[in-house]
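Shown next, in structure tokens, is the structure this report addresses.
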Amino acid sequence: MNLTLYVWRQKGPKDAGRLVRYEAKDITPDMSFLEMLDVVNEGLVRNSDDPIAFDHDCREGICGMCALVINGIPQGPQKKTTICQLHMRHFKNGDTIYVEPLRARAFPVIRDLVVDRGSLDRIIQSGGYISTHTGGVPDGNAILVPKNDADKAMDAAECIGCGACVAACPNGSAMLFTAAKVTQLATLPQGRTEAARRVCVMTEEMLSQGFGNCGNHYECQAACPKGIKVQFIAKLNREFIKAKLT
Amino acid sequence: MVLDGKTPSGPLHEKWDKRKQEMKLVSPANKRKYRIIVVGTGLAGASAAATLGELGYNVEAFCFQDTPRRGHSIAAQGGINAAKNYPSDGDSIERLFMDTIKGGDFRAREANVYRLASVSGNIIDQAVAQGVPFARDYAGYLDNRSFGGAQVSRTFYARGQTGQQLLLGAYGSLMRQIRAGSVRLHPRTEMLDLVTVNGEAKGITVRDLVTGEVSSYAADAVCLATGGYTNVFNLSTNAAGSNVTAAYRAYKKGALFANPCFTQIHPTCIPVTGEHQSKLTLMSESLRNDGRVWVPKNKDDKRKASDIPEPERDYFLERKYPAFGNLAPRDIASRAAKEVCDEGRGVGPGGRGVYLDFANAIDRLGEGTIRERYGNLFEMYEQITAENAYHQPMRIYPAPHYTMGGLWVDYNLESTIPGLFVLGEANFSDHGANRLGASALMQGLADGYFIISYTIANYLARTTPGAVTSDHAEFLKSREDVACFTGKLLAINGKRTVNDFHRELGRLMWENVGMARSEASLKSALSLIPRLRAEFWENVKVTGTGSELNQQLEKAGRVADFLEFGELMAADALHRNESCGGHFRVEYEMPDGEAKRDDENFCYVAAWEYKGADKAPELHKEPLAFENVKLAVRSYK
């Protein structure tokens, strides 16, 4: 099939960007969206044009490196699917597709579709872990975890850190991302000791990194390729209130 | 050169304790004076950087991705082995050791493998303490599943995302050290050269992938945890960015490369669909716990899977290997799949596929149980193929997945360059000629959490901290070399794209140095690769400049290294006149089609030394002594 693309091109962080029109020809339905972009890029290189820069790595939906906005939707139109797993069979011959970078104050554009998501790392650095060190820990079965808690922690831990939730949020908030980590660790007995401090420092860091706050729009959940639920934001709020009241 | 594995003497189970006793320490007050570079932030790199940072060393951590959480360990699905024997089904350190040695077809060092098995339990404890949400039973205890090559259940898992959860655990520890100031992070930074001063590793030269700036970092020791090289086949289960560059450039600086031909072809991957394809996706080996592998008994049977009656199906793994059945080790299962497809009994477009069927398991356990165990894998399969595996069997085919070969290291994980340590998949040490499922995570974390911290101290204690700085002449030269290499790539301005060369190299490697190798195919590879490489250096087209984010340029450098490295792989495969594990030479096969090992002549590690451009590398041999295991024909029947 043949498609028309409008792709955001921006040489560097300080340059003005613009949408540029490209024709994607002879695309097959089995291609992933990124493979379609590979085809377009090879054509650009053959014409001595600069190819479109985009982040990607594992191409199997788990590393979280690829994240684009397709027709206004971060991580594209397919529910619970990363861009690398979005296949062209979900588009029709003759479609026009707009491709843009994740847009948020805390994600400055580096080039074209590549943005700097280091702010998410800094939220984790502030306290998104259990402060254990290597060695000197008890046997794995010394800490029993009820199955429901282990499952809930795992539901939250599935976050791939792609940043789609931030770009989907009208406030540019990283609340879903932060809440997922807070929930994972606060649900497990190992993580309870630091739970109060953790929720406070992580939310504080989130705000200082330029992310907004949660306005209950739930756009984050709709965009999340891993189906991370907004209930975790409620859990974060509960943990936050608990921390502040005690 | 005499290759000394530096294995401690004494009984197997006392070797590691003995070595720990013998090794020198660096006192707490002195640790901060030492600087250590860690390249790569997958399981091995992240765990090493975090652990060394916690101990008080100054650590510089590098990765080419935008954040350390993206290392390709994240894609490991099925699980991690540990000899905990929680199910009381007969497991022990000895049994995990034996299974790993046998699984590796007797081509690994006994002492290394034993140490790996003996620290395996600590890894689970460590991960639990970090908050890794492993699967639990209703009483809250850790759950286990079984994996290929073992008759016990020793695999711990977190749904189908065990690698992700273990990596995020290590990443959390690393992030904590970054905040504490002991580790400095350099994301989007690619190592392009190892710098040696007076024969010892003292730093690296890197390119900042955003600005293009080439700079150097000096240190007292360097750890490479840069993963494997299966992307030499272009289509593999590795991430698009996975490459051999860091390891290969260390090889060019004098580190020996061991057993490069030992590559693992994973039996359960989604088959290739077309020319455009950029990667192959693995379906976890854990699926073979409940899925049954089969093809039609008759050639060219075009009926739908559900229309083929039971008597006309060939469950070939169960037929050939009744004791292990669908859980035969990866190399064996892959070759068996290739064999039935070569006979014309393959399924799906092009006939390169076999069924992995869950119908029996769904009848027995219900769809709910299967969904709980493998839900995310079934979803992933459907996203890629648009087929629902609850209603029709999956189609799978072998694909390059892991590399057992890597930089040669001694028992202390130190390469032939003093001060250069190699961890995880990037080294060659523990898996012999074939790795068992769920053992890669185990090895990466064993190296990073529990081994390197002891062995690196033993090296550092004998050096003066900060003896070399990055204005040393060797660093200057290294920066010039890197800039010159980049400049050359940009100046060619030929007609073919980098991907085009990578595709051709991949095809060539898969056909000639893939699942079944022959003297003729390897010789043909050895004549074709230099020709393709010569064309690359005349006709590749890389647009843009070196002083900006330039993804074509990054990839061109990696493909340039693959174009040299492929030749080394083929040379190694050609010299090894035997079949063992993942290395199958069609000339050396048993009457029943199994691999025919030659212990008399090839019971050694083949370590290759770089001798200069266009010169043949020199082979060095480290004999493998088996004192505790009896060399035997590997049988899974």
Side-chain angles (χ1 to χ4, degrees), chain A residues 12 28 30-31 34-35 38-39 42 45-46 48-51 53 55-65 81 85 87 89 110-111 114 116-118 120-121 124-126 128-134 137-141 143-147 150 153-154 157-158 161 184-185 188 190-191, chain B residues 50-51 54 65-67 69-70 72 74-75 84 86 124-126 128-131 133-142 158-159 161 164-165 168 172-173 175-176 178-179 187 210 239-241 273-274 276-279 281 380 383-384 386 449 453 497 499-500 541 543-544 548-549 551-552:
Chain A
T28 64
D30 285 332
M31 287 182 188
L34 296 185
E35 286 166 348
D38 288 342
V39 170
E42 286 205 65
V45 172
R46 285 196 189 93
S48 301
D49 289 328
D50 276 340
D55 267 334
H56 65 98
D57 200 24
C58 78
R59 296 201 173 200
E60 55 184 281
I62 192 74
C63 79
M65 190 128 169
T81 305
Q85 297 290 286
H87 285 70
R89 68 180 76 97
I110 294 173
R111 184 180 185 135
V114 177
D116 181 354
R117 287 167 287 187
L120 294 180
D121 276 342
I124 300 294
Q125 282 164 26
S126 70
Y129 40 74
I130 292 172
S131 300
T132 177
H133 64 87
T134 303
V137 298
D139 183 86
N141 263 346
I143 308 164
L144 297 185
V145 182
K147 186 175 189 305
M154 184 63 203
E158 290 192 18
Q184 178 203 340
L185 300 178
L188 296 168
Q190 309 89 297
Chain B
T51 302
E54 283 167 14
Q65 300 93 340
D66 68 330
T67 143
R69 65 182 289 156
R70 316 238 193 261
H72 194 57
I74 203 150
K84 284 282 199 185
Y86 284 157
I124 302 304
D125 303 339
Q126 190 62 38
V128 168
Q130 289 168 343
F134 282 122
R136 301 265 172 174
D137 64 19
Y138 281 99
Y141 291 95
L142 289 158
R159 292 193 189 141
Q161 295 112 295
Q164 178 198 28
Q165 294 310 314
L168 292 181
S173 292
M175 289 289 118
R176 177 168 165 253
I178 290 167
R179 181 51 62 106
V210 176
T273 54
H276 59 272
Q277 201 149 351
S278 61
K279 85 156 273 160
T281 303
M380 195 197 256
Q383 277 171 353
I384 295 171
Y449 282 135
S453 54
T497 62
N499 282 350
D500 206 17
K541 182 164 184 128
T543 56
E548 61 184 334
L549 177 75
Q551 293 172 324
Q552 295 292 311

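Naming: A, B, ... by sequence-line order, numbering from 1 per chain.
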Calculate, to the nearest 0.5 Å, the distance between atoms OG1 and CE belonging to A/T81 and B/M380 respectively. 11.0 Å
Using a cut-off of under 4.5 Å for heavy-atom pairs, which of A/V39, A/D49, A/L34, A/L185 has the most such pairs with chain B? A/D49
Using only heavy-atom distances, determine whether the side chains of B/Q552 and B/T543 contain a donor-acceptor pair under 3.5 Å. no
Between A/P138, A/A150, A/G118, who has the most heavy-atom pairs with chain B when the cutoff is under 4.5 Å? A/P138
Portion of A/E60 that has a non-hydrogen atom of chain B nearer than 4.5 angstrom: both
Looking only at A/S131, A/P51, A/A53, A/G191, most heavy-atom pairs under 4.5 Å shared with chain B are made by A/S131
Do you know which of B/F134, B/Y138, B/Y86 has the most heavy-atom pairs with chain A at a distance under 4.5 angstrom? B/Y86
Which of B/S278, B/G172, B/G241 touches chain A most, by non-hydrogen pairs under 4.5 Å: B/S278
What option among A/V145, A/V137, A/L188 has the most heavy-atom pairs under 4.5 Å with chain B? A/V145
So does A/D121 pair up with B/R69, basic N to acidic O under 4.0 Å? no
Tell me, out of B/T67, B/T281, B/L168, B/V210, who's got the most heavy-atom pairs with chain A below 4.5 Å. B/T67
Counting only heavy atoms closer than 4.5 Å, note whether A/D38 contacts chain B via side chain, backbone, both or neither. side chain
Identify which part of A/Q190 has an atom lying under 4.5 Å from any heavy atom of chain B, answering side chain, backbone, both or neither. side chain
Of A/H56, A/R117, A/R59, the one forming a side-chain contact (heavy atoms from CB on, under 4.5 Å) with A/M65 is A/R117
Salt bridge A/D30-A/R89, side-chain N to carboxylate O under 4.0 Å: yes
Which atoms of A/E35 are under 4.5 Å from chain B, going by heavy atoms: the side chain, the backbone, both sets, or neither? side chain
I need the residue from B/K279, B/R176, B/Q551 with the largest number of non-hydrogen atom pairs under 4.5 Å to chain A. B/R176
Option in A/V45, A/D55, A/T28 with maximal non-hydrogen atom pairs under 4.5 Å from chain B: A/V45
Identify which part of A/I143 has an atom lying under 4.5 Å from any heavy atom of chain B, answering side chain, backbone, both or neither. both
